[in-house]
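Position 1 is the first residue of the sequence; numbering continues from there.
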Amino acid sequence: NFYKNYTEIGKKKNKKETEISLVNQRKTVSSHDLRKESIINSIIKNNNDLYLSKESTKRTSKESESKDLYNFLSEINLQKYTNKLYKNGFDDINLIINQTKSGVAISYKNLYDIGIKNIGDCSKILLRIEEKAGLFPFALNKEKIYFNSKRNSDFLYKILSEIKMEKFVNNFIDNGFSSPELLFILMLTRQPINQEILCIIGIDKIGYQMRVLNKIRAEAELFIRKWK
């Protein structure tokens, strides 16, 4: 009986020790899992923070670019085209200006294709870009060049009437060319007024186009001499 009791006590003791060992192992495993989970959560948090930081930087950069573009267009009262330009990839006005310096300029067709159908407004944007790029040897009078006035419209009528083309005055005015000074200055740019542009504004006869272009060139030469 003594031996039997001793054996039973031994078995119970071993069982208890085994249970304690298993509990300790579970605690160790659980602790390891917690540490592992903590490390994973920390990595995820760091990645999320990095992503949010990058997104915040992108947003800040885009907001800055959009503001620069808006300010640029506001200088010539054409801020209404900010979204059209921005959504079509012309979002960095400083880059556009630098590209123009190197000879890779946006064109009338580019602006027309993205929805700026007023060809006079296209010309003002392109002219302002060239001006900002430093491609003019003298400063332009923004009031005369970029903004319309009745006086300038009357002058446009006068010079067109001299070649019996006064019937096209409204073609110019309706397409943003009420300032003859703008027409004259454009003849100095890398993208001057040409027959294609005259056709777009409704002067479709080749003979009329040539007559108008010759008059604009002649008046432009006189204007530039006085300007300088």
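- Using a 4.0 Å cut-off between charged side-chain N and carboxylate O, Arg217 and Glu221 make no salt bridge.
- A pairwise comparison of heavy atoms in Pro180 and Ile159 identifies CB-CD1, 4.3 Å as the closest pair.
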Evaluate Ser123 against Phe177 for side chain to side chain contact (heavy atoms under 4.5 Å, CB included), listing each step before the verdict.
CA-CA 9 Å; Ser123 71; Phe177 290 115; 3.4 Å; yes
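- Rounding to the nearest 0.5 Å gives a distance of 6.0 Å between CG of Leu73 and CG of Leu85.
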Verify side chain to side chain contact (heavy atoms under 4.5 Å, CB included) between Asp121 and Lys124, making sure each step is shown before the conclusion.
CA-CA 5 Å; Asp121 288 349; Lys124 291 173 187 176; 4.1 Å; yes
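- Here Lys84 pairs with nothing under the salt bridge (charged side-chain N to carboxylate O under 4.0 Å, His left out) rule; sequence neighbours left out.
- With hydrogens and angles disregarded, a donor-acceptor distance shorter than 3.5 Å links the side chain of Glu130 to the backbone of Arg190.
- Once rounded to the nearest 0.5 Å, the distance linking OG1 of Thr82 with CD1 of Ile93 reads 10.0 Å.
- The distance from the CD1 atom of Ile76 to the CD atom of Glu131 is 9.0 Å, given to the nearest 0.5 Å.
- In this structure, Gln195 contributes its side chain and Asp204 its backbone to no donor-acceptor pair below 3.5 Å.
- Counting only N and O atoms by type, the side chains of Ser107 and Asn110 include a donor and acceptor under 3.5 Å apart.
- Nearest heavy-atom pair across Val212 and Ile163 is CA-CD1, 3.9 Å.
- How far CG of Asn170 is from CD1 of Ile201: 11.0 Å, rounded to the nearest 0.5 Å.
- When only modelled atom types and interatomic distance are considered, Glu181 and Tyr146 share no side-chain donor-acceptor pair under 3.5 Å.
- Annotation: cation-pi geometry satisfied between Lys117 and Tyr112 (NZ/CZ under 6.0 angstrom from ring centroid, within 45° of ring axis).
- Relative ring orientation between Phe184 and Phe223 is described as tilted, the plane-to-plane angle lying within the 30° to 60° band.
- Aromatic pair Phe168/Tyr208: ring centres closer than 6.0 Å.
- In this structure, CZ in Phe172 is found 12.0 Å from OG in Ser179, a value given to the nearest 0.5 Å.
- Under the 4.5 Å side-chain heavy-atom criterion for Ile, Leu, Val, Met, Phe, Trp and Tyr, Leu186 and Leu135 are members of distinct hydrophobic clusters.
- Rounding to the nearest 0.5 Å places CD1 of Ile96 at 11.0 Å from CG of Asp68.
- Residue Ile106 comes nearest to Gln191 through the heavy atom pair O-NE2, 2.9 Å, listed as atom of the first residue, atom of the second, then distance.
- Gln209 places a side-chain N or O within 3.5 Å of a backbone atom of Ile203 that can act as its donor or acceptor partner.
- By the 6.0 Å contact criterion, CD on Glu196 is open, its count of non-hydrogen atoms from other residues, nucleotides or ligands being 12 or less.
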